[in-house]
Amino acid sequence: MRLSQMLFVTLREEPAEAELPSHKLLLRAGYMRRIASGVYAYLPLLWRVLNKVSDIVRDEMNATGAQECLLPQLQPAELWRESGRWETYTKAEGIMFSLIDRRQQEVGLGPTHEEVITAVARDMVRSYRQLPLHLYQIQTKFRDEIRPRFGLLRGREFIMKDGYSFHTDESSLKATYQEMYTAYSNILRRCGLEFRAVDADSGAIGGSGSTEFMVLAEAGEDEVLYTEDGKYAANVEKAVSRPADAVPSTFTKFEKLETPNTPTIESLAKFLKCSPTQIVKNVLYQVVFDNGRVLLVLVSIRGDQDVNEVKLTNELTKLAADYGGAAVIALGVPDAEAQRQWAAKPLPLGYMAPDLGDDYIEGGKDMEPKFLRLVDRTAEPLKNFVTGSNESGYHTVGGSWGKEFTLPKKVVDVRKAAAGDRALHDPSQTLQTARGIEIGHIFQLGTKYSQAMGATYTDENGAELPLVMGCYGVGVSRLAQAAVEQSFDKHGIVWPVAIAPYQAIVVIPNMGDDLQVEAAKAIYKELLAVGVEALLDDRDERAGVKFKDADLIGIPYRIVTGRALGDGKVEVVERATGIVQEVALGSVVALVKGWIDDELLASR
């Protein structure tokens, strides 16, 4: 491709809308343009990158026997109501674009396709002889992000590969799940990315086991905790660990003490000259279930620990049926406005005790008029502990469960694991931390959707059983930007060879020099002839502009027909290292071709 003929416009100034380096660079280098909040036009350079990523994904998926299809983006509300997710996705969480068509029927733009694929399987799969079955697609998805940010990493429109498998039993599902673990690892390796596979929470998709594939990058939104022995890695939302041992309490007598200006654990421990591990802190949450029921939850946890709200949500989801619901749609610490809806009197914030009275709640038709009390495992064994007194400016010391305080019936693990904690599998290993960008996620769905939607098969004995399902997603457009976030420098993007829009760029410094022009055209044609994807920068621009643009767009190899032509040589610059070599004109094509082949081979 001749650069003079391409839609190619670079920006010298950083776009004000962009925060992350990768977002800034993709805009500056002419890869994409913002059309609306969270919506981007993929321009020719980026489209080539996206196609390369898609091709790698297809190669690895097809190698497992998965079959590609294309599912509708427009989905009827009826299917989502069958699974029980319509109200959650369109109203509670509000992430699905929904509309009413001219026939007054409700439809939505698909952020995911579990309902559609389950409906297909329900209509077409009859016998165990058709299983296992694995279908996948690559298409545009939609998600009504309330605050679109970071370019392609959190947009409202994005390209994704999602796949769904159907099985007769859990063992068959686990075999495909392991195949996808290997395939996803291969995809990221072939794309030239440094990544880590981690245990993850299943979130709104549901199911049992799930694994996230994280591209490691300092700007990643997710925190990953791992051990250096390589035997454990998890998203912080899912991570488990051994907390530090509690320091035995120094208080032997139960009494109420004045503790002015001690609303935090740090200030309280300093005032009482005690360890935070001797303190039971009590955190109040307000949860809303999908049936509209509002509930107040009081979580008692050891003072040096924090509540993991994802784990807490999962525990509350298990209890949703007790309150007439099926899922949690909102969870948070109630602010002043929320408290005004139900508080009978001001809460002693910062001084609450595990026995905070029900008289603090007025009740009402939508409010369960009592607290749900939970205790974290870190707080359960404590004795003679420090905690609140339900009176501002006062705490109690020397209290114990079963004596001064009733131990909540529900003991849960809702603490947040943290870097420095000891690992469960080996206490000599401590958790390390890294930042990552989630690119892929695989789930063992089980029968969640097949049971809800009546998708069954007939086994060898004639029994009708629900299909066992798996779900596997890769963010194609997200991966492209994550690659930039992982690899860039002060000059611009540094693409891995496998997904770079072009593998080499031939630059003519002086378009008025016939020798430079003819040599560049000859090299360009030879590169194309041997299968190297090449650009020819034949624009009527200064040499400095061309060199800066080549660095900005990140093409792996730059060949310059400059002054060295007089000696029968050209300059070759490797973008990743900045190494510059003068190479004989007659051998430059073979040399660059060899470097590219070696890099592609090494990534497989």
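All residue numbers in this chain count up from 1 along the given sequence. The model shown is predicted, which means the values in this text are computed figures rather than measured ones.
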Hey, are the side chains of [X] and [Y] touching, using non-hydrogen atoms and a 4.5 Å cut-off?
X: Glu599; Y: Ile596; answer: no
X: Arg415; Y: Asn308; answer: no
X: Phe443; Y: Ser210; answer: yes
X: Thr313; Y: Thr317; answer: yes
X: Ile159; Y: Gln139; answer: no
X: His441; Y: Thr211; answer: no
X: Phe142; Y: Met96; answer: no
X: Phe150; Y: Glu221; answer: yes

For the pair [X] (side chain) and [Y] (backbone), establish whether a donor and an acceptor sit closer than 3.5 Å, ignoring hydrogens and angles.
X: Gln178; Y: Ala175; answer: no
X: Gln73; Y: Leu71; answer: no
X: Arg422; Y: Pro243; answer: yes
X: Arg377; Y: Val411; answer: no
X: Arg373; Y: Pro354; answer: yes
X: Glu228; Y: Gln432; answer: no
X: Asp376; Y: Val414; answer: yes
X: Ser450; Y: Leu467; answer: yes
X: Arg85; Y: Leu79; answer: no
X: Thr227; Y: Tyr232; answer: yes

Under 3.5 Å, is there a donor-acceptor pair between the [X] and [Y] side chains?
X: Glu179; Y: Thr64; answer: no
X: Ser172; Y: His167; answer: yes
X: Asn282; Y: Ser300; answer: yes
X: Tyr136; Y: Asn62; answer: yes
X: Asn51; Y: Arg48; answer: no

Distance from [X] atom [atom1] to [Y] atom [atom2], nearest 0.5 Å?
X: Leu295; Y: Gln286; atom1: CG; atom2: CD; value: 9.0 Å
X: Phe166; Y: Leu445; atom1: CZ; atom2: CG; value: 9.0 Å
X: Gln481; Y: Ile439; atom1: CD; atom2: CD1; value: 9.5 Å
X: Arg58; Y: Ile187; atom1: CZ; atom2: CD1; value: 11.5 Å
X: Arg242; Y: Leu424; atom1: CZ; atom2: CG; value: 6.0 Å
X: Thr378; Y: Ile301; atom1: OG1; atom2: CD1; value: 4.5 Å

Run the side-chain contact (heavy atoms from CB on, under 4.5 Å) check on Phe158 and Leu152 step by step: do they pass? CA-CA 7 Å; Phe158 51 95; Leu152 305 182; over 6 Å; no
Do you know the tightest heavy-atom contact between [X] and [Y]?
X: Arg156; Y: Pro148; result: CG-CG, 3.7 Å
X: Cys191; Y: Ile56; result: SG-CD1, 3.8 Å
X: Thr168; Y: Tyr457; result: O-OH, 3.0 Å
X: Tyr181; Y: Ala197; result: OH-CB, 3.4 Å
X: Gly446; Y: Glu170; result: CA-OE2, 4.1 Å
X: Ala200; Y: Lys238; result: O-CD, 3.5 Å

For the rings on Tyr184 and Phe213, is their centre-to-centre separation under 6.0 Å?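 Close enough - the centres of the two rings lie under 6.0 Å apart.
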If you count the non-hydrogen atoms of other residues, nucleotides and ligands that lie under 6.0 Å from [atom1] in [X], is the total more than 12?
X: Ile146; atom1: CD1; answer: no
X: Glu218; atom1: CD; answer: no
X: Lys416; atom1: NZ; answer: no

Between Glu533 and Lys52, is a side-chain contact (heavy atoms from CB on, under 4.5 Å) present by the stated rule, with each step listed? CA-CA 12 Å; Glu533 298 165 352; Lys52 287 190 172 187; 2.3 Å; yes
Please say whether the positively charged group of Arg293, taken as NZ for Lys or CZ for Arg, lies over the ring of Phe289, i.e. under 6.0 angstrom from the six-membered ring centre and within 45 degrees of the axis.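 Geometry flag: not set, cation outside 6.0 Å or 45°.
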Mark yes or no: Arg196 above the aromatic ring of Tyr226, with NZ or CZ under 6.0 Å from the six-membered ring centre and no more than 45 degrees from the axis.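 That pair qualifies as a cation-pi contact.
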With salt bridge (Lys or Arg N to Asp or Glu O under 4.0 Å) as the criterion, how do Glu115 and Arg122 come out once you've worked through the C-alpha distance, each side chain's angles and the decisive distance to 0.1 Å? CA-CA 10 Å; Glu115 283 78 4; Arg122 177 177 62 190; over 6 Å; no
Given Ser98 and Glu106, is the side chain to side chain donor-acceptor pair (under 3.5 Å) satisfied, shown in steps? CA-CA 7 Å; Ser98 60; Glu106 290 181 289; over 6 Å; no
List the steps and the verdict of side chain to side chain donor-acceptor pair (under 3.5 Å) for His113 and Gln75. CA-CA 9 Å; His113 278 71; Gln75 303 183 25; 3.2 Å; yes
Pair His134-Tyr472, ring pair (Phe, Tyr, Trp, His ring centres under 6.0 Å): steps then yes or no: CA-CA 10 Å; His134 189 172; Tyr472 322 96; 5.2 Å; yes
Walk me through it: do Arg190 and Glu60 pass the test salt bridge (Lys or Arg N to Asp or Glu O under 4.0 Å)? CA-CA 10 Å; Arg190 286 182 60 184; Glu60 295 298 331; 3.0 Å; yes
Parallel, tilted or perpendicular: ring planes of Phe405 versus Trp401, cut at 30 and 60 degrees: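 Phe405 and Trp401: perpendicular rings.
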Please step through salt bridge (Lys or Arg N to Asp or Glu O under 4.0 Å) for the pair Lys141 and Asp162, ending with a clear verdict. CA-CA 10 Å; Lys141 299 293 186 84; Asp162 54 325; 2.8 Å; yes
After noting the C-alpha distance and the side-chain angles of Thr458 and Tyr128, does the key distance pass the side-chain contact (heavy atoms from CB on, under 4.5 Å) rule? CA-CA 6 Å; Thr458 303; Tyr128 71 95; over 6 Å; no
Does the side-chain contact (heavy atoms from CB on, under 4.5 Å) test come out yes or no for Leu193 and Leu216, once each step is laid out? CA-CA 8 Å; Leu193 301 176; Leu216 302 181; over 6 Å; no
Hey, mind stepping through Glu78 and Arg81 against salt bridge (Lys or Arg N to Asp or Glu O under 4.0 Å) and telling me if it holds? CA-CA 5 Å; Glu78 287 76 11; Arg81 287 199 170 97; 5.2 Å; no
